[in-house]
Amino acid sequence: MGELLLKAENIDKSFGLTHAVKNVSLEFNKGEIHALIGENGSGKSTFTNMLCGIYTMDGGTFTLDGEEVHPKNQVDANHHGIAIIVQELGTLSGLTVAENIFLGNEDQFIKFGIKNTAAMNKKAQELLNEYGFSRISATAVIDNYNFEDRKLIEIVKATYFHPKIVVVDETTTALNQSGRDELFKHMLRIRDEGSCVIFISHDLGEVLHYSDRISILRDGDFIATVNADDVNEDELKRLMVGRELGDRYYRTDYGEKVSDEVVLSLKDVSVPGELDHVNLDLHKGEILGIGGLSDCGMHELGKAAFGASYDRTGTVTLGDGTPINDINTAIDHSVAYASKDRDNESLVINDTIQDNITLPSMRDMGKLLSGKKMKEFANKYAKMMSVKMVNVDQFVSNLSGGNKQKVVLARWIGKGSDILILDSPTRGIDVMVKADIYDLMDRMRKEGKSVLMISEEIMELLGMSDRIVIMRDGKVSGEFTRSPDLSEESLIDKMV
(Lines give C-alpha, C1' and ligand atoms only; values in the text may rest on other atoms or scores of the structure.)
Protein backbone atom coordinates (compact mmCIF):
# COMPACT_ATOMS: atom_id res chain seq x y z
CA MET A 1 0.00 0.00 0.00
CA GLY A 2 1.27 3.46 -0.88
CA GLU A 3 2.03 6.38 1.36
CA LEU A 4 -0.58 8.82 2.68
CA LEU A 5 -2.09 11.02 -0.05
CA LEU A 6 -5.21 12.62 1.46
CA LYS A 7 -6.01 13.23 5.10
CA ALA A 8 -9.51 14.31 6.13
CA GLU A 9 -9.77 15.61 9.68
CA ASN A 10 -13.02 16.33 11.55
CA ILE A 11 -15.06 16.96 8.39
CA ASP A 12 -18.47 18.31 9.39
CA LYS A 13 -21.60 19.30 7.46
CA SER A 14 -25.25 20.04 8.28
CA PHE A 15 -28.27 20.83 6.12
CA GLY A 16 -30.69 22.64 8.38
CA LEU A 17 -31.51 20.23 11.21
CA THR A 18 -29.90 17.29 9.41
CA HIS A 19 -26.34 16.60 10.56
CA ALA A 20 -25.14 14.85 7.39
CA VAL A 21 -21.45 14.34 8.23
CA LYS A 22 -20.31 14.35 11.87
CA ASN A 23 -16.63 15.18 12.40
CA VAL A 24 -15.40 12.40 10.13
CA SER A 25 -11.66 11.71 9.89
CA LEU A 26 -10.31 9.40 7.14
CA GLU A 27 -7.02 8.68 5.38
CA PHE A 28 -6.57 7.76 1.71
CA ASN A 29 -3.31 6.39 0.30
CA LYS A 30 -1.48 6.67 -2.99
CA GLY A 31 -2.01 3.71 -5.29
CA GLU A 32 -5.26 2.42 -3.81
CA ILE A 33 -8.95 2.04 -4.59
CA HIS A 34 -10.63 3.05 -1.34
CA ALA A 35 -14.34 2.27 -1.17
CA LEU A 36 -16.72 4.44 0.85
CA ILE A 37 -19.94 2.60 1.70
CA GLY A 38 -23.04 3.02 3.87
CA GLU A 39 -26.81 3.21 3.69
CA ASN A 40 -28.50 5.99 1.73
CA GLY A 41 -28.17 9.14 3.83
CA SER A 42 -25.06 7.88 5.62
CA GLY A 43 -23.01 10.87 4.40
CA LYS A 44 -20.86 9.28 1.66
CA SER A 45 -21.74 11.66 -1.17
CA THR A 46 -21.86 14.67 1.15
CA PHE A 47 -18.31 13.89 2.30
CA THR A 48 -16.94 13.59 -1.25
CA ASN A 49 -18.96 16.57 -2.49
CA MET A 50 -17.13 18.73 0.06
CA LEU A 51 -13.80 17.35 -1.14
CA CYS A 52 -14.78 18.18 -4.74
CA GLY A 53 -16.00 21.73 -4.05
CA ILE A 54 -19.69 20.99 -4.64
CA TYR A 55 -20.56 21.70 -0.98
CA THR A 56 -18.73 23.93 1.50
CA MET A 57 -17.60 22.43 4.78
CA ASP A 58 -18.97 23.56 8.13
CA GLY A 59 -15.77 22.36 9.79
CA GLY A 60 -12.61 20.29 9.33
CA THR A 61 -9.73 20.17 6.86
CA PHE A 62 -8.62 18.23 3.80
CA THR A 63 -4.86 17.89 3.35
CA LEU A 64 -3.74 16.63 -0.06
CA ASP A 65 -0.08 15.71 -0.53
CA GLY A 66 0.83 17.81 2.52
CA GLU A 67 -1.10 20.91 1.37
CA GLU A 68 -4.40 22.00 2.90
CA VAL A 69 -7.08 22.36 0.20
CA HIS A 70 -10.51 24.03 0.28
CA PRO A 71 -11.92 23.77 -3.28
CA LYS A 72 -14.43 26.53 -4.04
CA ASN A 73 -16.06 24.58 -6.88
CA GLN A 74 -15.44 21.59 -9.16
CA VAL A 75 -13.13 23.49 -11.50
CA ASP A 76 -11.05 24.65 -8.53
CA ALA A 77 -10.97 21.05 -7.29
CA ASN A 78 -9.70 19.94 -10.72
CA HIS A 79 -6.87 22.45 -10.44
CA HIS A 80 -5.92 20.86 -7.11
CA GLY A 81 -5.91 17.41 -8.75
CA ILE A 82 -9.36 16.24 -7.54
CA ALA A 83 -12.07 14.98 -9.91
CA ILE A 84 -15.49 13.34 -9.59
CA ILE A 85 -17.71 11.15 -11.76
CA VAL A 86 -21.24 11.42 -10.38
CA GLN A 87 -24.17 8.97 -10.36
CA GLU A 88 -26.57 11.07 -12.43
CA LEU A 89 -25.72 13.04 -15.55
CA GLY A 90 -22.68 15.28 -15.13
CA THR A 91 -22.63 16.72 -18.65
CA LEU A 92 -24.42 19.81 -19.98
CA SER A 93 -26.97 19.62 -22.79
CA GLY A 94 -26.53 21.97 -25.73
CA LEU A 95 -22.73 21.76 -25.68
CA THR A 96 -20.51 19.57 -27.84
CA VAL A 97 -18.68 16.55 -26.48
CA ALA A 98 -15.40 18.51 -26.61
CA GLU A 99 -16.91 21.50 -24.80
CA ASN A 100 -18.12 19.18 -22.04
CA ILE A 101 -14.75 17.45 -21.67
CA PHE A 102 -12.89 20.75 -21.23
CA LEU A 103 -15.68 22.68 -19.45
CA GLY A 104 -14.05 25.13 -17.03
CA ASN A 105 -10.61 24.29 -18.39
CA GLU A 106 -10.80 25.91 -21.84
CA ASP A 107 -7.91 28.29 -21.06
CA GLN A 108 -5.41 25.89 -22.63
CA PHE A 109 -7.05 26.56 -26.01
CA ILE A 110 -7.28 30.37 -25.70
CA LYS A 111 -4.67 32.75 -27.08
CA PHE A 112 -5.09 36.52 -27.14
CA GLY A 113 -8.69 36.07 -26.00
CA ILE A 114 -9.66 33.79 -28.90
CA LYS A 115 -10.58 30.14 -28.41
CA ASN A 116 -9.05 27.70 -30.88
CA THR A 117 -12.08 25.42 -31.29
CA ALA A 118 -10.36 23.24 -33.89
CA ALA A 119 -7.48 22.50 -31.50
CA MET A 120 -9.92 21.73 -28.68
CA ASN A 121 -11.90 19.36 -30.91
CA LYS A 122 -8.70 17.66 -32.10
CA LYS A 123 -7.45 17.12 -28.54
CA ALA A 124 -10.85 15.84 -27.36
CA GLN A 125 -11.02 13.33 -30.22
CA GLU A 126 -7.47 12.15 -29.47
CA LEU A 127 -8.53 11.51 -25.86
CA LEU A 128 -11.71 9.70 -26.88
CA ASN A 129 -9.69 7.48 -29.23
CA GLU A 130 -7.09 6.85 -26.54
CA TYR A 131 -9.80 5.72 -24.12
CA GLY A 132 -11.30 3.38 -26.71
CA PHE A 133 -14.36 5.56 -27.35
CA SER A 134 -13.55 6.44 -30.98
CA ARG A 135 -17.19 5.93 -32.04
CA ILE A 136 -18.00 9.11 -30.05
CA SER A 137 -17.40 12.30 -32.05
CA ALA A 138 -15.84 15.26 -30.24
CA THR A 139 -17.69 17.75 -32.45
CA ALA A 140 -21.16 16.24 -31.97
CA VAL A 141 -23.68 17.86 -29.62
CA ILE A 142 -23.73 15.74 -26.47
CA ASP A 143 -27.53 15.36 -26.65
CA ASN A 144 -26.96 12.99 -29.60
CA TYR A 145 -25.68 10.37 -27.15
CA ASN A 146 -27.59 8.20 -24.70
CA PHE A 147 -27.20 8.09 -20.92
CA GLU A 148 -24.51 5.39 -20.96
CA ASP A 149 -22.38 7.11 -23.63
CA ARG A 150 -22.56 10.39 -21.73
CA LYS A 151 -21.20 8.59 -18.66
CA LEU A 152 -18.25 7.35 -20.76
CA ILE A 153 -17.59 10.94 -21.83
CA GLU A 154 -17.59 11.89 -18.13
CA ILE A 155 -14.87 9.31 -17.49
CA VAL A 156 -12.69 11.12 -20.03
CA LYS A 157 -13.61 14.53 -18.60
CA ALA A 158 -12.73 13.49 -15.04
CA THR A 159 -9.48 11.64 -15.68
CA TYR A 160 -7.69 12.97 -18.79
CA PHE A 161 -5.54 15.37 -16.72
CA HIS A 162 -4.28 12.58 -14.41
CA PRO A 163 -5.79 13.83 -11.12
CA LYS A 164 -4.41 12.64 -7.77
CA ILE A 165 -7.90 11.80 -6.47
CA VAL A 166 -10.83 10.51 -8.56
CA VAL A 167 -14.19 10.09 -6.84
CA VAL A 168 -16.45 7.53 -8.53
CA ASP A 169 -19.87 8.17 -6.96
CA GLU A 170 -22.35 5.37 -7.77
CA THR A 171 -21.36 5.62 -11.45
CA THR A 172 -21.51 1.87 -12.12
CA THR A 173 -25.28 1.81 -11.59
CA ALA A 174 -25.74 4.09 -14.61
CA LEU A 175 -23.68 1.90 -16.96
CA ASN A 176 -24.29 -1.30 -18.86
CA GLN A 177 -21.77 -4.13 -18.43
CA SER A 178 -19.40 -2.95 -21.18
CA GLY A 179 -19.46 0.55 -19.70
CA ARG A 180 -18.72 -0.85 -16.24
CA ASP A 181 -15.80 -2.80 -17.62
CA GLU A 182 -14.42 0.41 -19.17
CA LEU A 183 -14.81 2.28 -15.89
CA PHE A 184 -13.10 -0.45 -13.86
CA LYS A 185 -10.25 -0.58 -16.38
CA HIS A 186 -9.59 3.14 -15.85
CA MET A 187 -10.00 2.89 -12.07
CA LEU A 188 -7.29 0.23 -12.01
CA ARG A 189 -5.10 2.36 -14.30
CA ILE A 190 -5.46 5.37 -11.99
CA ARG A 191 -4.53 3.22 -8.98
CA ASP A 192 -1.54 1.69 -10.78
CA GLU A 193 -0.30 5.20 -11.69
CA GLY A 194 -0.07 5.95 -7.96
CA SER A 195 -3.23 8.03 -7.56
CA CYS A 196 -6.28 7.19 -5.44
CA VAL A 197 -9.83 6.26 -6.44
CA ILE A 198 -12.54 6.89 -3.85
CA PHE A 199 -15.20 4.39 -4.92
CA ILE A 200 -18.81 4.80 -3.72
CA SER A 201 -21.06 1.86 -4.58
CA HIS A 202 -23.96 -0.13 -3.17
CA ASP A 203 -22.87 -3.20 -5.12
CA LEU A 204 -20.91 -4.93 -2.37
CA GLY A 205 -19.64 -7.58 -4.80
CA GLU A 206 -17.99 -4.84 -6.88
CA VAL A 207 -16.66 -3.18 -3.74
CA LEU A 208 -14.99 -6.35 -2.50
CA HIS A 209 -13.62 -7.27 -5.93
CA TYR A 210 -12.06 -3.92 -6.86
CA SER A 211 -11.23 -2.17 -3.58
CA ASP A 212 -8.08 -2.35 -1.49
CA ARG A 213 -9.63 -0.81 1.62
CA ILE A 214 -13.22 -0.02 2.60
CA SER A 215 -14.50 2.70 4.96
CA ILE A 216 -18.03 2.57 6.36
CA LEU A 217 -20.22 5.53 7.34
CA ARG A 218 -23.52 5.27 9.22
CA ASP A 219 -25.85 8.25 9.84
CA GLY A 220 -22.97 10.66 9.22
CA ASP A 221 -20.58 8.91 11.62
CA PHE A 222 -17.37 7.06 10.73
CA ILE A 223 -17.73 3.38 11.74
CA ALA A 224 -14.60 1.55 10.54
CA THR A 225 -11.96 1.10 7.84
CA VAL A 226 -11.27 -2.53 6.84
CA ASN A 227 -9.10 -4.34 4.30
CA ALA A 228 -11.22 -5.77 1.49
CA ASP A 229 -9.49 -9.13 1.82
CA ASP A 230 -10.53 -9.43 5.47
CA VAL A 231 -14.34 -9.15 5.13
CA ASN A 232 -17.31 -10.57 3.22
CA GLU A 233 -20.65 -9.08 2.10
CA ASP A 234 -22.53 -10.09 5.26
CA GLU A 235 -19.92 -8.43 7.48
CA LEU A 236 -20.10 -5.24 5.41
CA LYS A 237 -23.91 -5.21 5.62
CA ARG A 238 -23.71 -5.56 9.41
CA LEU A 239 -21.25 -2.64 9.62
CA MET A 240 -23.50 -0.54 7.35
CA VAL A 241 -26.79 -1.09 9.18
CA GLY A 242 -25.55 -1.87 12.69
CA ARG A 243 -27.31 -5.25 12.85
CA GLU A 244 -27.81 -8.46 10.92
CA LEU A 245 -30.03 -8.01 7.86
CA GLY A 246 -31.51 -11.49 8.28
CA ASP A 247 -33.87 -13.07 5.74
CA ARG A 248 -35.89 -9.91 5.01
CA TYR A 249 -35.07 -9.38 1.37
CA TYR A 250 -36.45 -11.21 -1.67
CA ARG A 251 -39.77 -13.04 -1.82
CA THR A 252 -39.83 -16.57 -0.44
CA ASP A 253 -43.12 -17.78 -1.97
CA TYR A 254 -43.29 -20.07 -5.00
CA GLY A 255 -46.13 -21.66 -6.91
CA GLU A 256 -48.76 -18.98 -6.25
CA LYS A 257 -51.38 -18.74 -8.98
CA VAL A 258 -51.38 -15.39 -10.78
CA SER A 259 -54.73 -14.05 -12.00
CA ASP A 260 -55.68 -14.63 -15.63
CA GLU A 261 -57.03 -11.06 -15.79
CA VAL A 262 -54.91 -8.88 -18.11
CA VAL A 263 -54.59 -5.26 -16.94
CA LEU A 264 -52.09 -3.97 -19.53
CA SER A 265 -51.44 -5.33 -23.00
CA LEU A 266 -48.77 -4.41 -25.57
CA LYS A 267 -49.49 -5.61 -29.10
CA ASP A 268 -46.99 -5.35 -31.95
CA VAL A 269 -45.23 -2.41 -30.24
CA SER A 270 -42.27 -0.96 -32.14
CA VAL A 271 -40.02 2.07 -31.66
CA PRO A 272 -37.45 2.75 -34.41
CA GLY A 273 -34.04 1.47 -33.37
CA GLU A 274 -35.34 0.36 -29.93
CA LEU A 275 -38.29 -2.07 -30.04
CA ASP A 276 -39.25 -4.55 -32.74
CA HIS A 277 -42.87 -5.84 -32.67
CA VAL A 278 -43.09 -6.62 -28.96
CA ASN A 279 -46.14 -8.42 -27.55
CA LEU A 280 -46.63 -8.52 -23.78
CA ASP A 281 -49.42 -8.94 -21.21
CA LEU A 282 -49.33 -7.84 -17.56
CA HIS A 283 -51.77 -9.58 -15.21
CA LYS A 284 -53.62 -8.37 -12.13
CA GLY A 285 -51.55 -8.88 -8.97
CA GLU A 286 -48.43 -9.81 -10.94
CA ILE A 287 -44.82 -8.64 -10.74
CA LEU A 288 -43.60 -9.04 -14.31
CA GLY A 289 -39.82 -8.70 -14.55
CA ILE A 290 -38.25 -7.42 -17.77
CA GLY A 291 -34.52 -8.14 -18.12
CA GLY A 292 -31.68 -8.05 -20.59
CA LEU A 293 -28.53 -6.15 -21.35
CA SER A 294 -28.82 -2.38 -21.00
CA ASP A 295 -29.26 -1.68 -24.73
CA CYS A 296 -31.76 -4.52 -25.38
CA GLY A 297 -34.76 -2.14 -25.54
CA MET A 298 -36.21 -2.85 -22.09
CA HIS A 299 -35.88 0.75 -20.89
CA GLU A 300 -37.72 2.02 -23.98
CA LEU A 301 -40.40 -0.62 -23.33
CA GLY A 302 -41.26 1.08 -20.04
CA LYS A 303 -41.66 4.44 -21.77
CA ALA A 304 -43.74 2.91 -24.54
CA ALA A 305 -46.08 1.25 -22.03
CA PHE A 306 -46.57 4.61 -20.29
CA GLY A 307 -47.36 6.44 -23.53
CA ALA A 308 -44.08 8.35 -23.43
CA SER A 309 -42.61 7.11 -26.74
CA TYR A 310 -43.82 9.57 -29.33
CA ASP A 311 -42.67 7.53 -32.35
CA ARG A 312 -44.23 4.31 -31.09
CA THR A 313 -46.33 2.10 -33.34
CA GLY A 314 -48.56 -0.78 -32.28
CA THR A 315 -51.02 -0.58 -29.39
CA VAL A 316 -50.90 -0.34 -25.61
CA THR A 317 -54.28 -0.92 -23.97
CA LEU A 318 -55.67 -1.38 -20.48
CA GLY A 319 -57.81 -4.37 -19.51
CA ASP A 320 -61.00 -2.46 -20.36
CA GLY A 321 -59.69 -1.61 -23.84
CA THR A 322 -58.64 1.98 -23.07
CA PRO A 323 -55.71 2.90 -25.36
CA ILE A 324 -52.62 4.43 -23.72
CA ASN A 325 -51.13 6.83 -26.25
CA ASP A 326 -49.93 9.64 -24.00
CA ILE A 327 -48.74 10.27 -20.46
CA ASN A 328 -51.85 12.12 -19.26
CA THR A 329 -54.12 9.25 -20.27
CA ALA A 330 -51.84 6.80 -18.46
CA ILE A 331 -51.86 8.83 -15.24
CA ASP A 332 -55.63 9.42 -15.42
CA HIS A 333 -56.15 5.66 -15.69
CA SER A 334 -54.02 4.72 -12.68
CA VAL A 335 -50.74 3.89 -14.48
CA ALA A 336 -47.50 5.10 -12.86
CA TYR A 337 -43.94 5.26 -14.22
CA ALA A 338 -40.59 5.62 -12.48
CA SER A 339 -37.71 6.18 -14.89
CA LYS A 340 -34.17 4.81 -14.64
CA ASP A 341 -33.00 8.44 -15.05
CA ARG A 342 -34.46 9.53 -11.72
CA ASP A 343 -33.22 13.12 -11.58
CA ASN A 344 -34.19 14.13 -15.11
CA GLU A 345 -37.36 12.13 -15.79
CA SER A 346 -39.00 11.12 -12.49
CA LEU A 347 -38.50 14.19 -10.28
CA VAL A 348 -38.56 17.97 -10.40
CA ILE A 349 -35.15 18.04 -8.80
CA ASN A 350 -35.07 21.74 -7.87
CA ASP A 351 -38.44 21.66 -6.15
CA THR A 352 -39.69 20.53 -2.74
CA ILE A 353 -40.59 17.05 -1.56
CA GLN A 354 -44.16 18.31 -1.10
CA ASP A 355 -44.53 19.54 -4.67
CA ASN A 356 -43.03 16.35 -6.10
CA ILE A 357 -45.35 14.06 -4.12
CA THR A 358 -48.53 16.05 -4.75
CA LEU A 359 -47.95 16.84 -8.43
CA PRO A 360 -49.92 13.97 -10.06
CA SER A 361 -52.68 14.05 -7.41
CA MET A 362 -53.57 17.75 -7.40
CA ARG A 363 -56.63 17.31 -9.62
CA ASP A 364 -57.87 14.56 -7.27
CA MET A 365 -57.78 16.88 -4.25
CA GLY A 366 -60.78 18.88 -5.43
CA LYS A 367 -61.41 22.54 -6.12
CA LEU A 368 -60.72 23.66 -2.54
CA LEU A 369 -57.02 22.95 -2.84
CA SER A 370 -55.04 24.51 0.00
CA GLY A 371 -51.42 24.59 1.13
CA LYS A 372 -52.43 22.83 4.34
CA LYS A 373 -54.15 20.03 2.44
CA MET A 374 -51.14 19.56 0.17
CA LYS A 375 -48.73 19.51 3.12
CA GLU A 376 -50.83 16.91 4.97
CA PHE A 377 -50.96 14.76 1.82
CA ALA A 378 -47.18 15.00 1.24
CA ASN A 379 -46.40 14.32 4.91
CA LYS A 380 -48.63 11.26 4.96
CA TYR A 381 -46.94 9.55 2.01
CA ALA A 382 -43.40 10.75 2.76
CA LYS A 383 -43.72 9.23 6.25
CA MET A 384 -45.32 6.09 4.83
CA MET A 385 -42.19 5.64 2.70
CA SER A 386 -39.87 6.65 5.61
CA VAL A 387 -38.24 9.45 3.61
CA LYS A 388 -35.25 10.74 5.59
CA MET A 389 -35.82 14.51 5.50
CA VAL A 390 -35.96 17.69 7.56
CA ASN A 391 -39.55 18.29 6.39
CA VAL A 392 -41.54 18.22 3.15
CA ASP A 393 -40.39 21.76 2.31
CA GLN A 394 -36.86 20.42 1.79
CA PHE A 395 -35.65 20.41 -1.81
CA VAL A 396 -35.38 16.98 -3.44
CA SER A 397 -31.92 17.90 -4.74
CA ASN A 398 -30.62 17.70 -1.15
CA LEU A 399 -31.75 14.09 -0.66
CA SER A 400 -29.67 10.94 -1.09
CA GLY A 401 -30.40 8.63 -4.05
CA GLY A 402 -32.44 6.22 -1.96
CA ASN A 403 -34.57 8.96 -0.46
CA LYS A 404 -35.17 10.47 -3.90
CA GLN A 405 -36.49 7.08 -5.02
CA LYS A 406 -38.74 6.94 -1.97
CA VAL A 407 -40.20 10.31 -3.02
CA VAL A 408 -40.87 8.92 -6.52
CA LEU A 409 -42.71 5.94 -5.03
CA ALA A 410 -44.55 8.10 -2.47
CA ARG A 411 -45.89 10.17 -5.37
CA TRP A 412 -47.48 7.16 -7.07
CA ILE A 413 -48.68 5.48 -3.86
CA GLY A 414 -50.40 8.76 -3.00
CA LYS A 415 -51.99 8.76 -6.42
CA GLY A 416 -53.30 5.25 -5.73
CA SER A 417 -51.91 3.84 -8.98
CA ASP A 418 -52.94 0.27 -9.79
CA ILE A 419 -50.27 -0.37 -12.45
CA LEU A 420 -46.67 0.60 -11.69
CA ILE A 421 -43.95 0.60 -14.34
CA LEU A 422 -40.71 0.68 -12.36
CA ASP A 423 -37.50 1.02 -14.39
CA SER A 424 -34.44 0.07 -12.29
CA PRO A 425 -36.34 0.71 -9.02
CA THR A 426 -33.35 -0.04 -6.76
CA ARG A 427 -30.56 1.54 -8.84
CA GLY A 428 -27.99 3.14 -6.54
CA ILE A 429 -29.88 2.19 -3.39
CA ASP A 430 -28.51 0.55 -0.24
CA VAL A 431 -29.49 -2.89 1.02
CA MET A 432 -31.95 -1.68 3.67
CA VAL A 433 -33.88 0.63 1.31
CA LYS A 434 -33.86 -2.15 -1.28
CA ALA A 435 -35.49 -4.42 1.28
CA ASP A 436 -38.13 -1.72 1.96
CA ILE A 437 -38.89 -1.35 -1.76
CA TYR A 438 -39.09 -5.12 -2.27
CA ASP A 439 -41.47 -5.37 0.68
CA LEU A 440 -43.60 -2.56 -0.80
CA MET A 441 -43.75 -4.30 -4.19
CA ASP A 442 -44.77 -7.57 -2.53
CA ARG A 443 -47.53 -5.82 -0.56
CA MET A 444 -48.80 -4.14 -3.73
CA ARG A 445 -48.92 -7.50 -5.49
CA LYS A 446 -50.96 -8.98 -2.65
CA GLU A 447 -53.35 -6.00 -2.83
CA GLY A 448 -54.04 -6.78 -6.49
CA LYS A 449 -51.85 -4.06 -7.97
CA SER A 450 -49.60 -4.93 -10.90
CA VAL A 451 -45.90 -4.14 -11.30
CA LEU A 452 -43.88 -4.08 -14.52
CA MET A 453 -40.31 -4.18 -13.11
CA ILE A 454 -37.47 -3.45 -15.53
CA SER A 455 -34.13 -4.45 -14.09
CA GLU A 456 -30.52 -5.08 -15.07
CA GLU A 457 -29.99 -7.08 -11.85
CA ILE A 458 -30.52 -10.80 -12.41
CA MET A 459 -30.94 -11.62 -8.71
CA GLU A 460 -33.63 -8.92 -8.45
CA LEU A 461 -35.51 -10.48 -11.36
CA LEU A 462 -35.23 -13.98 -9.89
CA GLY A 463 -36.06 -12.83 -6.37
CA MET A 464 -39.11 -10.66 -7.04
CA SER A 465 -40.83 -11.66 -10.29
CA ASP A 466 -43.82 -13.95 -10.85
CA ARG A 467 -42.77 -14.10 -14.49
CA ILE A 468 -39.60 -12.93 -16.26
CA VAL A 469 -39.41 -11.77 -19.88
CA ILE A 470 -35.90 -11.43 -21.36
CA MET A 471 -35.23 -9.05 -24.25
CA ARG A 472 -32.46 -8.96 -26.83
CA ASP A 473 -32.06 -6.54 -29.76
CA GLY A 474 -35.49 -5.01 -29.17
CA LYS A 475 -37.33 -8.34 -29.19
CA VAL A 476 -38.57 -10.81 -26.60
CA SER A 477 -36.02 -13.63 -26.55
CA GLY A 478 -37.30 -15.73 -23.64
CA GLU A 479 -39.93 -16.08 -20.92
CA PHE A 480 -39.71 -17.83 -17.54
CA THR A 481 -42.12 -18.58 -14.71
CA ARG A 482 -41.11 -18.06 -11.07
CA SER A 483 -39.38 -21.14 -9.69
CA PRO A 484 -36.75 -21.94 -7.03
CA ASP A 485 -34.95 -23.99 -9.71
CA LEU A 486 -34.66 -21.10 -12.20
CA SER A 487 -30.97 -20.22 -12.58
CA GLU A 488 -29.01 -17.09 -13.50
CA GLU A 489 -27.47 -19.02 -16.40
CA SER A 490 -30.90 -19.65 -17.94
CA LEU A 491 -31.61 -15.90 -18.05
CA ILE A 492 -28.13 -14.95 -19.27
CA ASP A 493 -28.40 -17.48 -22.08
CA LYS A 494 -31.37 -15.53 -23.48
CA MET A 495 -29.69 -12.13 -23.01
CA VAL A 496 -26.56 -12.68 -25.12
Side-chain angles (χ1 to χ4, degrees), residues 39-40 173 202 245-259 261-264 280-292 298-299 301-302 305-306 330-331 334-340 342 346-347 357 360 381-387 401-470 480-484 486 491:
E39 293 186 80
N40 289 113
T173 61
H202 288 303
L245 189 60
D247 296 327
R248 180 178 165 264
Y249 213 56
Y250 297 124
R251 288 169 59 183
T252 55
D253 62 284
Y254 292 97
E256 287 193 17
K257 176 76 169 69
V258 175
S259 170
E261 182 183 344
V262 174
V263 295
L264 184 71
L280 201 68
D281 286 337
L282 174 66
H283 295 88
K284 183 178 177 66
E286 178 183 39
I287 298 177
L288 173 58
I290 310 293
M298 60 181 177
H299 302 299
L301 177 73
F306 190 58
I331 293 173
S334 208
V335 182
Y337 172 67
S339 169
K340 175 184 178 181
R342 194 162 46 222
S346 285
L347 293 165
I357 291 175
Y381 292 102
K383 288 175 180 174
M384 186 181 293
M385 285 303 301
S386 303
V387 177
N403 283 297
K404 286 177 182 175
Q405 188 71 339
K406 286 181 175 183
V407 170
V408 174
L409 295 174
R411 162 191 286 183
W412 296 118
I413 293 167
K415 176 67 177 170
S417 302
D418 292 323
I419 299 169
L420 293 99
I421 302 165
L422 306 180
D423 190 345
S424 309
T426 62
R427 181 173 76 85
I429 288 175
D430 70 62
V431 290
M432 289 305 296
V433 179
K434 269 191 178 186
D436 290 340
I437 290 174
Y438 292 151
D439 183 58
L440 173 68
M441 290 166 62
D442 197 33
R443 281 189 281 119
M444 287 177 168
R445 171 186 71 87
K446 290 172 180 174
E447 291 167 4
K449 296 181 185 293
S450 306
V451 179
L452 187 70
M453 180 185 73
I454 300 162
S455 177
E456 294 172 29
E457 295 187 28
I458 292 177
M459 290 310 299
E460 185 168 80
L461 291 167
L462 290 170
M464 292 306 300
S465 307
D466 292 291
R467 191 162 47 100
I468 301 170
V469 168
I470 300 298
F480 303 89
T481 302
R482 180 173 183 78
S483 165
L486 184 57
L491 270 59

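The first residue in the sequence is number 1, and the count goes up from there. The structure displayed is predicted, hence computed values, not measured ones. Because only heavy atoms are used, hydrogens play no part in the values below, and waters and symmetry mates are left out as well, while side chains stay in.
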Steps toward side-chain contact (heavy atoms from CB on, under 4.5 Å) verdict (Phe306, Ile331): CA-CA 8 Å; Phe306 190 58; Ile331 293 173; 3.8 Å; yes
Check against side-chain contact (heavy atoms from CB on, under 4.5 Å), Val258 and Arg482: CA-CA 11 Å; Val258 175; Arg482 180 173 183 78; over 6 Å; no
Pair His202-Lys434, side-chain contact (heavy atoms from CB on, under 4.5 Å): steps then yes or no: CA-CA 10 Å; His202 288 303; Lys434 269 191 178 186; over 6 Å; no
Check against side-chain contact (heavy atoms from CB on, under 4.5 Å), Leu288 and Leu280: CA-CA 10 Å; Leu288 173 58; Leu280 201 68; 4.1 Å; yes
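In this structure the side chain of Met453 reaches within 4.5 angstrom of the side chain of Leu461, judged on heavy atoms. Side-chain contact between Pro425 and Glu460: present, with at least one pair of heavy atoms (C-beta onward) separated by less than 4.5 Å. Looking at heavy atoms from C-beta onward, Ile468 lies in side-chain contact with Leu462 at the 4.5 angstrom threshold. Taking 4.5 Å as the limit, every side-chain heavy atom of Ile357 sits out of range of all side-chain heavy atoms of Val387. The shortest side-chain heavy-atom distance between Leu422 and Val408 does not fall under the 4.5 Å cut-off. Within the 4.5 Å cutoff, the side chain of Met464 has no heavy atoms near those of the Val451 side chain. By the 4.5 Å heavy-atom criterion applied to side chains, Asp423 and Ile290 are not counted as neighbours. Within the 4.5 Å cutoff, no side-chain heavy atoms of Leu420 are placed close to those of Met441.
The pair Glu256-Arg445 meets the salt-bridge criterion, since a charged nitrogen lies less than 4.0 angstrom from a carboxylate oxygen. Looking at Arg467 and Asp281, no side-chain N of the basic residue comes within less than 4.0 Å of a carboxylate O on the acidic one, giving no salt bridge.
Between the Ser346 side chain and the Ser339 main chain, a donor and an acceptor come within less than 3.5 Å of each other. For the pair Ser450 (side chain) and His283 (backbone), a donor-acceptor distance under 3.5 Å is present. The backbone N or O of Arg427 sits less than 3.5 Å from a side-chain atom of Arg342, completing a donor-acceptor pair. Using a distance-only test at 3.5 Å, with no hydrogens or angles considered, no donor-acceptor pair links the side chain of Lys284 to the main chain of Val263.
A distance of 6.5 Å separates OG in Ser424 from CE in Met298, rounded to the nearest 0.5 Å. The CD1 atom of Ile454 sits 10.5 Å away from the NZ atom of Lys340 when rounded to the nearest 0.5 Å. Taking CZ of Arg251 as the start and CG of Asp439 as the end, the distance is 12.0 Å to the nearest 0.5 Å. Ile413 contributes atom CD1, which lies 5.0 Å from atom CE of Met385 (distance to the nearest 0.5 angstrom). Atom CE of Met459 is separated from atom CG of Leu491 by 10.5 Å, given to the nearest 0.5 angstrom. To the nearest 0.5 Å, the span separating CG on Asp466 from CG on Asp253 amounts to 7.0 Å.
Ser334 approaches Asp418 most closely through the heavy-atom pair OG-N, 2.8 Å. When every heavy atom of Ala336 is checked against every heavy atom of Ser417, the shortest pair comes out as CB-OG, 3.5 Å. What you find for Ala305 and Ile421 is that their closest heavy atoms are CB-CD1, 3.7 Å.
Taking the six-membered ring where tryptophan is involved, the planes of Tyr250 and Tyr438 are tilted, since the angle between them lies from 30° to 60°.
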